[in-house]
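Everything numeric in this text was worked out from a predicted model, so none of it was measured. Reminder, nothing fancy here: chain letters follow the sequence lines and each chain counts from 1.
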Protein chains: 2
Amino acid sequence: MSYTYEYPRAALTVDCIVFGLDEDELKVLLIQRGIEPFEGRWALPGGFVQVDESVDTAARRELREETGVTDVFLEQLYTFGAVDRDPRERVVSVAYYALVNLSDHRIQADTDARNAAWFSVYDIPELAFDHARILEMAHERLRGKIRYQPIGFELLPPKFTLTRLQRLYEQILDTKLDKRNFRKKILKMELLEALDEVETDVAHRAAQLYRFNADAYNEKIRTGFNFEL
Amino acid sequence: MSYTYEYPRAALTVDCIVFGLDEDELKVLLIQRGIEPFEGRWALPGGFVQVDESVDTAARRELREETGVTDVFLEQLYTFGAVDRDPRERVVSVAYYALVNLSDHRIQADTDARNAAWFSVYDIPELAFDHARILEMAHERLRGKIRYQPIGFELLPPKFTLTRLQRLYEQILDTKLDKRNFRKKILKMELLEALDEVETDVAHRAAQLYRFNADAYNEKIRTGFNFEL
DNA sequence: TCAAAAGTGTTAAAAATACACCCATGG
DNA sequence: CCATGGGTGTATTTTTAACACTTTTGA
């Protein structure tokens, strides 16, 4: 089977940057390539966009097929369109970034039996293609966006403590935050719902658990509220 | 001449949203389509990405060919990849938005002798394809970005008055700003350089002219400064 | 001399920051 | 009983917001 066009066409792919928070450390899911070019190198999960699926759908499908990740926050990042970014032929790639909650996403080995592993964003091996640049841009986007959109919660389990949330912000923004001021600010937004539950299995006073209330957020947004931390 | 591939491929295009400020009104440059589909409808300037040029280059080329616009701020917006966005065949489009200074860009009729015209963003005719959605997203991006990046200056001539700058912000953010507070805030950033020149040909006291100092901005950025208005 | 926009400073309110101790729990 | 992190309030500084009159210029 073959397909013929009047003009040459670029191949279209998607690449996914999957961020996860592991013990307060921001990590990225990478896959070890099993084929040339860059055989053996680590790379972002991704693959070709099929002609009968939207680009968004392709990103979700690749994510599922290569990592088993489903039902997560996924947003388009940027399209990488340099002529020589793939040594084989012209390939344009639409990059997406995903935020997953590592405690319930135990990432499975991918269907192609390639190796998948989490790496700290501060200790990334040499990557295939222009994936280092893509990852850098995704990290930058995450840092920027987390301050004015409540996306940090996507990296946490549904129930979390305020300290855990604070450490998330500290890790991603690479700063120290004052505990009292952080709590004051985030609670004043009235987006977190205190549950009738506390931490368990900790060797100290158990912390209050909270849940992010997406409905409250959407309602506030409608009436001109601006999240900002 | 024809080109054959093992799998079907989407066509790849670029579309450009060109914003300009005309007498304090935010306008967009549209082109009237000369061919089916949507013949006669207004649409965003754009066209096919060639296989030997980067996507960014394609955007600049189309902008030049269709509108004569060169040397302007141009930034990737988003990639639109729904399956049925073009009724003919699968077309994925990478959208870019440009900011031009209308006083020195007298837009020329495009090379294909199609009609080009400026429309107020608040009074847009029915557009071809999903261009209404693309335009909406570009407008949203502009509104968001202008508050924390000094891109508003791209819409003004190199020398401008503070009142003109204020009206730009008022138009794009759709608010009223206080004159004294606006001036205080923007001047305190030390990004505007007062010139030894004032307005001419005005029937009232001539205003001081200023210039945006990009070098100062870059220097401040390096040392952790954050533009925000 | 009039019309039109330029230019300018102070006060009050709100938000951000800095900061330290007692509490509850499990080992 | 001790080590560990949980939880809390106030005072100070900084930032934002509200507000009105005089000046300059050309017509």
- What one should report as the nearest heavy-atom pair of A:Leu29 and A:Thr67 is CD2-CG2, 3.3 Å
- Query: When the distance from CZ of A:Arg164 to C1' of D:dG5 is rounded to whole Å, what number comes out?
  - Reply: 15 Å
- Query: Is B:Asp178 touching bases, backbone alone, or none of the nucleic acid, heavy atoms closer than 4.0 Å?
  - Reply: base
- Query: How are the rings of B:Phe80 and B:Tyr78 set to each other: parallel, tilted or perpendicular (split at 30° and 60°)?
  - Reply: perpendicular
- Task: Return the 5'-most residue of the pair B:Lys188, B:Asn181 with respect to DNA chain D, ranking by each residue's nearest nucleotide.
- Result: B:Lys188
- Query: Distance check: side-chain N/O of A:Thr163 vs OP1/OP2 of D:dG5, anything under 4.0 Å?
  - Reply: no
- Item | Nearest-nucleotide pick for B:Ala203, side chain only, options being D:dA27, D:dG6, D:dC19 | D:dA27
- Return the value, rounded to whole Å, for the distance between atom CZ of A:Phe182 and atom C1' of D:dT8. 16 Å
- Message: Do the side chains of A:Glu219 and A:Arg222 get close enough for a salt bridge, i.e. N-O under 4.0 angstrom?
- Response: yes
- When all nucleic acid strands are considered with a 4.0 Å heavy-atom cut-off, which category describes B:Gln208: base, sugar-phosphate, or nothing? sugar-phosphate
- Message: Pick the closest DNA chain C nucleotide for A:Val202 and for B:His204 by heavy atoms, then say which residue is nearer the 5' end.
- Response: B:His204
- May I have the distance from B:Arg205 (atom CZ) to D:dC21 (atom C1'), rounded to whole angstrom? 13 Å
- Message: Need two values: the first and the last nucleotide of DNA chain C, 5' to 3', having an atom under 4.0 Å from any heavy-atom of chain B.
- Response: C:dA4 to C:dT10
- Scan residues 187-229 of chain B for pairs that pass ring-ring contact (aromatic ring centres under 6.0 Å, His included), counting only residues two or more places apart or in two chains. B:Phe153-B:Phe212
- Item | Residue whose nearest DNA chain D nucleotide is more 5′ - A:Ala207 or A:Arg180 | A:Ala207
- Parallel, tilted or perpendicular, as decided by the 30° and 60° cut-offs, for the rings of A:Tyr97 and A:Phe19: perpendicular
- Message: Rounded at 0.5 Å granularity, tell me how far CG in A:Leu155 sits from CG in A:Leu99.
- Response: 4.5 Å
- Of the candidates D:dG6, D:dT23, D:dA17, the side chain of B:Lys184 sits closest to D:dA17
- Task: Take atom CG of B:Leu229 and atom P of D:dA17, then tell me their distance rounded to the nearest Å.
- Result: 11 Å
- Nearest-Å distance, CG (A:Leu209) to P (D:dG5)? 17 Å
- Message: Just the rounded figure in Å: distance from C1' of D:dC19 to CZ of B:Arg183.
- Response: 16 Å
- Query: Is there a donor-acceptor pair closer than 3.5 Å between any side-chain N or O of B:Arg183 and the backbone N or O of B:Leu162?
  - Reply: no
